[in-house]
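The structure displayed is predicted, hence computed values, not measured ones.
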Amino acid sequence: MVQNRIISWYLQNKRSLPWRNTENPYFIWISEIILQQTRVAQGLPYFERFVAQYPTIFDLAAAPEDEVLRLWQGLGYYSRGRNLHQTAKYIVEHHKGVFPNSYQEIISLKGVGPYTAAAIASFAFKERIPAIDGNVLRVISRILRIESPIDSPVTQKEIRNIAEEWISTVEPDTFNQAMMEFGAIQCTPKAPLCETCPVQVYCLSYPDKAYLNLPFKAKKTKIQERELYYKIYRKGNQYLLKQRKNSDIWKSLYDFPEGKPETYLKEYPTATHLLSHRKLQIHFYACEPSEQADEGTWFTLDEIEELPKPKVIDDFIRKKLI
DNA sequence: AATGCGGGGCG
DNA sequence: CGCCCAGCATT
């Protein structure tokens, strides 16, 4: 059976990861939120810093939001950090700090969707429910040669049904860990290690290399360009920053007031920043403080260091251009 | 069903 | 350069 092959592969090849050595739902929750759309290598140091700074859900709930977002800085998708903090406060306030213990309750938490709820419910509470992430979609679509669009709910439902069948005869937590690890290490998006694959004999897409085109994605990613203009005001050793509040990129983080100035003291070299679906052209202008008509708060460089900022702003300041 | 949300790494 | 990563919320 496929699932037993993958599980025994997992038991021999699994990486040692800190969130695998605990059944504390709080730690597992933190790790799963961090790992949404994020590689293990990138998320690992953030997880270590979070659990060191906030050993319990009470510590996280008591922290100021800016501090949580400062810890999140550089990881992206900042609504994850805001939701993490909000949900910690909610659980402390309404559940005495006790993490909910069923899939149905867990999925009602902010920032927790079907994948994350299944992961927490199976890892922390051994609930029998498949956690289906990008790895699992890829692994199953290849093994069973499912060529319908992976980005369609119908196809994903089909894969869910298969995963529910596979998980029914094995340890659910081990199964979920094994499927994801197998996708991350063996059945990789590019150049999968088919020659040493324990599932090769079952894999319907191996004989004619159909796996090269699986999973099949119907939609293409399109990159849009966007220009940002920043006005830098300095009064002595203080700079004017404002917190982004609208529903836009970098919500809740601090940056300079936006806008193209009429006059300016100096223009800095334009920075180009590549994001997933966007290319940012960023212009910085040093402006005359007497012309300042923008909202914001004045901060010293030492204070700015403690504020959560977008990567581009942090890079700019770190280069000591101002 | 479609779109927006970051940043990093890889071929 | 395009694609993908232990996805989710909003519309």
Between dC5(C) and dG6(B) - C1' atom distance, rounded Å: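 Going atom to atom, C1' in each nucleotide, I get 12 Å.
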
With a 4.0 Å cut-off on heavy atoms, is [X] in touch with a base, just the backbone sugar-phosphate, or nothing at all?
X         : result
Val112(A) : sugar-phosphate
Lys220(A) : sugar-phosphate
Arg226(A) : nothing
Trp72(A)  : nothing
Arg278(A) : sugar-phosphate

Which nucleotide in the set [options] lies at the smallest distance from any side-chain heavy atom of [X]?
X         : options                 : value
Arg80(A)  : dA1(B), dG6(B), dG7(B)  : dG6(B)
Lys190(A) : dC10(B), dG7(C), dT3(B) : dC10(B)
Gln37(A)  : dA2(B), dC10(B), dC5(C) : dC5(C)
Tyr78(A)  : dC8(C), dG7(B), dA6(C)  : dG7(B)
Trp250(A) : dG8(B), dG7(B), dC8(C)  : dG7(B)

Parallel, tilted or perpendicular: ring planes of Phe284(A) versus Phe256(A), cut at 30 and 60 degrees: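 Geometry flag for Phe256(A) against Phe284(A): perpendicular rings.
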
When you measure from the side-chain N and O atoms of [X] to the phosphate of [N], is any distance below 4.0 Å, counting only OP1 and OP2?
X         : N      : value
Tyr77(A)  : dG4(B) : no
His277(A) : dC5(B) : no
Lys217(A) : dC4(C) : yes

Residues Asp314(A), Gln73(A); criterion side chain to side chain contact (heavy atoms under 4.5 Å, CB included); working and verdict: CA-CA 9 Å; Asp314(A) 196 56; Gln73(A) 181 176 305; 3.3 Å; yes

Partner of Phe50(A) under ring-ring contact (aromatic ring centres under 6.0 Å, His included), chosen from Phe27(A), Trp29(A), Trp72(A):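 Answer after filtering Phe27(A), Trp29(A), Trp72(A): Trp72(A).
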
